[in-house]
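Remarks on the structure that follows.
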Amino acid sequence: MSAAQIELRGIERVFRLGDSEVHALRHLDVSIAPGEYVAVMGPSGSGKSTLLNLLGLLDRPDAGVYLLEGRDVTTLSPEEQARVRSERIGFVFQSFHLVPRLTAAENIALPMMLAGIPPRERADRVARALKDYGLENRAGHRPDQLSGGQRQRVAIARATIMRPAVILADEPTGNLDRATGEEVIRLLEQLNGGGVTVIIVTHDPVLGGHARRQLLMEDGALRHDSALEGAAQ
Amino acid sequence: MRAPDLIRFARDAATGSPLRTSLLVLAVAIGVAAVVVLTALGDGARRYVVNEFSSIGSNLVIVLPGRSETGGFNPANAITSTPRDLTVEDARALLRGTAIRRLAPLAIGTSEISVGGKLREVIVAGTTSQFIEVRRLSLAQGRFLSDEDWGRGSAETVIGAKIRDELFGSEPALGKLVRIGDRRCRIIGVLAASGQGLGMNSDELVIVPVALAQAMFNSNTLFRILVEARNREAIPAAKAQAEEILKLRHDGELDVTVITQDGVLATFDRLLGVLTLGVAGIAAISMAVAGILVMNVMLVSVAQRTAEIGLLKALGATGSTIRMAFLAEATMLSLAGAVVGFVLGQAGAALIRHLYPTFPAYPPTWAVLAGLVTALASGILFGVAPARRAAALDPVQALSKR
Ligand SMILES: Nc1ncnc2c1ncn2[C@@H]1O[C@H](COP(=O)(O)OP(=O)(O)OP(=O)(O)O)[C@@H](O)[C@H]1O
Ligand SMILES: [Mg+2]
């Protein structure tokens, strides 16, 4: 097996609420190779979002090791983690998370602006992204002037504008109708076709079935991994 | 993040919520405008008083007969209860004082002036040629009293602007003969109109040589001796010399009072300076209040934009970038407030000057600078806490907030 892009070993995540403890993730071992297309599924509260936040370095595990491209990223300083997020990871959210006062083009350019990329290059890349995602004549529109599908396309354009190695999408179709949702999934699959690792959290078994690999979570643990079919019981 | 991007981002964030932004800018602006207007009033009052005094002659030392101070038991006073009069000879003796540049004896009385059937009562001032310099008066026409022997008393007079208007109207006054009391005098000069002043109004004055005035009033005493010191620093010396010379002439008894304009002026100057400072202090408090407002509004802004902050972190923003963005916004708001307040304040001061042209309501530079700096500093200072709070937000929780 080729070197894993993402490797989780013995990951634990415990939330403490007063006296009670919630084991959001318990002893998780997962390894994902570059360019994989993974669907994370499972009932509500099973720890899917927690896993994704951890993979995106928005959260730290209480125990275990997370190697991203061979590097232990759990021990990095917040500044270094921000840099990894900026350069290697793209997020797509269920509720889009566009900045309401910025136009579609400005929202797409936001990660580049935060990374300090010169305006000239930003403009070029945004123009290309707008074209790729069919948003050319929506460039100057604010999020509230866009449809749900358009908003999610803007969000995907934003997630890919820094050319990340991994796209993390937490229920990207949750707020969209079936047709629009499938369109969004197609976009993500296209990205995956270009070599980007895509990890999608979804409740929809049909959409999850698209993925080449399914992870089934239950109560914070990995119940089933389609890559290990036959190997484990 | 590049500086221009940071500034643009902060500006967009500020203009994104116009009500919040305009309220904040207004709060800071009111503080700065208050500093500018109030110090303009305070310093204007100070300047007004100083100007009025220096128009009388700020290096002036005035000698008046009698001892006005009650300085405990004085054996000399106990012996001679009636003080000696001031005379023209006393004035002449003062010319010896090295700290004294020039002086003018002054005898005052009321009399009537008449010409061509017109008659009015006037205050007659008997003095000498240097009176015009000592009192800083200027002439509209002709010349001032001639520099003759003080005892001579030529029949000439210099009249105030208002007297001229009343007696002669549009006709020429220069060279005309007038009757003052029982004397006939030739008008050799007319004083320039001075308007209302703090001191004696020279517009209604009739000036004659001191000897002539004393003859008119049948007395040889003086009302005052006006002494001009060589310069501001020489004022105390001039006062001391005047006292010494007159004490010597009055058989060792100091039976005159010597007052300096400067002492009065300095007191006023100090008093009004303190007043301005106090007023500035009160206005500065309003700025601190504005600063606290900046903090609270920015905290509300952080709370409202929690999801956005979470997003920025997810997109790779470091804590310091987020801190800078919020600090830049607070700085921008207080800067805008300071500028608006400065303009409002200057407009207010200009309005006061327009309404009261004689009142020099200019805000002192130190106060304007202090106002601007305080506004900026308090905005930035009070912007730190919200900015830190924003930077410290947990991205997962921030993102889940909607
Ligand atoms: N910040 C938190 N504090 C306390 N408990 C938390 C926190 N975040 C998650 N949890 C708990 O951890 C468990 C896993 O949550 P998580 O959001 O990962 O579930 P999920 O699989 O994404 O569910 P859903 O499908 O509803 O989104 C849940 O029991 C949840 O209540
Ligand atoms: Mg979830």
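Proteins get letters first, then strands, A, B, ... in listed order; numbering begins at 1 in each.
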At their closest point, which heavy atom of B:Leu399 faces which heavy atom of A:Leu58, and how far apart are they?
CD1-CD1, 3.8 Å
Passing candidate, side-chain contact (heavy atoms from CB on, under 4.5 Å) with B:Glu308, options A:Val99, A:Leu98, A:Leu102:
A:Val99
NZ of B:Lys313 to CG of A:Leu57, rounded to nearest 0.5 Å, is 13.5 Å
Taking the side chain as everything from C-beta on, heavy atoms only, tell me whether A:Arg122 gets closer than 4.5 Å to B:Asp5.
yes
Are side-chain heavy atoms of B:Ser17 and A:Arg101 found at a separation under 4.5 Å?
no
B:Leu312/A:Leu110 under side chain to side chain contact (heavy atoms under 4.5 Å, CB included): CA gap, chis, key distance, verdict:
CA-CA 8 Å; B:Leu312 292 177; A:Leu110 200 51; 3.9 Å; yes
Report, in residue-number order, which members of residues 6-22 of chain A are under 4.5 Å from chain B by heavy-atom distance.
none
Name, in order of residue number, those residues of residues 82-89 of chain A that have a heavy atom at a distance of less than 4.5 Å from a heavy atom in chain B; otherwise write 'none'.
A:Ala82, A:Arg85, A:Ser86
Contact residues of residues 357-389 of chain B (partner chain A; heavy-atom separation under 4.5 angstrom):
none
I need the contact set between residues 315-334 of chain B and chain A: heavy-atom distance under 4.5 Å, sorted by residue number.
B:Leu315, B:Gly316, B:Ala317, B:Thr318, B:Gly319, B:Ser320, B:Thr321
Using non-hydrogen atoms and a 4.5 Å limit, figure out which bit of A:Pro164 sits close to chain B: side chain, backbone, both or neither.
neither
Among the options B:Pro395, B:Ala314, B:Ala13, pick out the one with the most heavy-atom pairs lying under 4.5 Å from chain A.
B:Ala314
Has A:Arg71 got more than 12 heavy atoms of other residues, nucleotides or ligands less than 6.0 Å from its CZ?
no
